[in-house]
Trainee: 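Here it is: the structure, laid out below.
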Amino acid sequence: ALLRRAGYGAEALDGRGGVEALAGDPPQVLVLDRDLPPEIYRSALERLAPHAGRASFPLVILGGGPAAAPPGWHEDAFAAVPRPPQPGEILATIAALRRLVFYRRYRDLVHDISQPVTALHALSRSLAGIPVAGDASRRTVDRLVHEAERLMSLLENFQRSRG
């Protein structure tokens, strides 16, 4: 009821029904109770396995600690809250996880492009030292060096400002 009042399309499912529901599309947020019977909890974790890593969606485990996270679950898509959860705590936790998951694509993009940007920057510096014939060729190399330097600066500034 708390989640519905907050605007979420929440469904309360029993253990087995919840595990079966995980076979479909991933939910926007999953609140999983650590106090489920062990076999049901294990089944839920098995159903979550394909969503580990970058495919992780927000997961809140009631009554679990950091060790309760499914193996490989992305760290910014998991939180454990003590039992009984405080209403404000669970809503704030869900909001924070949803925000982190939203921005993960951008952090992953920066991580993925950092190596190619660094390589292009180094290669452009090497090319700048090679003699070229004609002004047009020199302008082309200088433009490449300038753009590679600009790209490297953008990446460095973004990484510095993340802190």
Trainee: In this structure, would Leu151 and Val110 fall into the same cluster of hydrophobic residues linked by side-chain contacts under 4.5 Å?
Mentor: yes
Trainee: Taking all heavy atoms of Pro27 and all of Leu30, pick out the closest pair and write down the distance.
Mentor: CG-CB, 4.0 Å
Trainee: Using the side chain to side chain contact (heavy atoms under 4.5 Å, CB included) criterion, which residues pair with Glu46? Sequence neighbours excluded.
Mentor: none
Trainee: Do Glu39 and Arg42 sit within salt-bridge range, that is, some charged N less than 4.0 Å from a carboxylate O?
Mentor: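 Not counted as a salt bridge, because no side-chain N and carboxylate O are separated by less than 4.0 Å.
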Trainee: Kindly give the heavy-atom pair with the smallest separation between Val141 and Ala128, and that separation in Å.
Mentor: CG1-CA, 3.8 Å
Trainee: Rounded to the nearest 0.5 Å, what's the gap from CZ on Arg138 to CD1 on Ile130? Could you check?
Mentor: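 It is 9.0 Å, given to the nearest 0.5 Å.
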Trainee: Given the rule in the side-chain contact (heavy atoms from CB on, under 4.5 Å) test, do Ile90 and Leu62 qualify, once you have shown the distances and angles that lead to the verdict?
Mentor: CA-CA 9 Å; Ile90 195 124; Leu62 301 176; 3.6 Å; yes
Trainee: Taking atom CH2 of Trp73 and atom CG of Leu48, what is their separation to the nearest 0.5 Å?
Mentor: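 So the gap between those two atoms works out to 4.5 Å.
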Trainee: Rounded to the nearest 0.5 Å, what's the gap from CG on Leu97 to CG on Asp76? Could you check?
Mentor: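 Nearest 0.5 Å value for the CG-CG distance: 8.0 Å.
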Trainee: Tell me every residue that passes side chain to side chain donor-acceptor pair (under 3.5 Å) with Glu149, counting only those two or more places apart in sequence or in another chain.
Mentor: His121, Arg125
Trainee: Any non-hydrogen side-chain atom of Ile94 less than 4.5 Å from a side-chain atom of Val31?
Mentor: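 In short, these two side chains touch, coming nearer than 4.5 Å.
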Trainee: State whether the number of non-hydrogen atoms from other residues, nucleotides or ligands found under 6.0 Å of Asp112 atom CG is greater than 12.
Mentor: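 Correct, the count exceeds 12.
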Trainee: I need the minimum non-hydrogen distance between Gln28 and Pro58, along with the two atoms involved.
Mentor: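 For Gln28 versus Pro58, the nearest heavy atoms are O-CD, 3.1 Å.
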Trainee: Of all heavy-atom pairs between Ser124 and Val145, which one has the smallest distance, and what is that distance?
Mentor: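 Answer, listing the atom of Ser124 first, then Val145: O-CG2, 3.2 Å.
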Trainee: Let me confirm one number: the CG-CG distance from Asp142 to Leu127, rounded to the nearest 0.5 Å.
Mentor: 11.0 Å
Trainee: At what distance, to the nearest 0.5 angstrom, does CD1 of Ile40 lie from CG of Asp33?
Mentor: 11.0 Å
Trainee: Counting only heavy atoms from other residues, nucleotides and ligands, does the tally under 6.0 Å from CZ of Arg143 exceed 12?
Mentor: no
Trainee: Of the non-hydrogen atoms in Leu155 and Ser114, which two are nearest, and what is the gap between them?
Mentor: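 Looking at all heavy atoms of both residues, the closest pair is CD2-CA, 3.6 Å.
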Trainee: Provide the closest heavy-atom pair for Ala52 versus Gly72 in the form atom of the first, atom of the second, distance.
Mentor: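 That closest heavy-atom pairing would be CB-O, 3.6 Å.
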Trainee: How would you list all residue pairs meeting ring pair (Phe, Tyr, Trp, His ring centres under 6.0 Å) that involve residues 28-56, not counting sequence neighbours?
Mentor: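 Of all non-adjacent pairs touching residues 28-56, those that pass ring pair (Phe, Tyr, Trp, His ring centres under 6.0 Å) are His51-Phe57.
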Trainee: Distance from Gln115 atom CD to Leu120 atom CG, nearest 0.5 Å?
Mentor: 9.0 Å
Trainee: Under a single-linkage definition using a 4.5 Å side-chain heavy-atom cutoff for Ile, Leu, Val, Met, Phe, Trp and Tyr, are Val101 and Leu59 assigned to the same hydrophobic cluster?
Mentor: no
Trainee: Would you kindly confirm whether Val117 and Leu123 end up in one hydrophobic cluster when ILVMFWY residues are joined by side chain heavy atoms under 4.5 Å apart?
Mentor: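 Per the 4.5 Å side-chain linkage, Val117 and Leu123 are not co-clustered.
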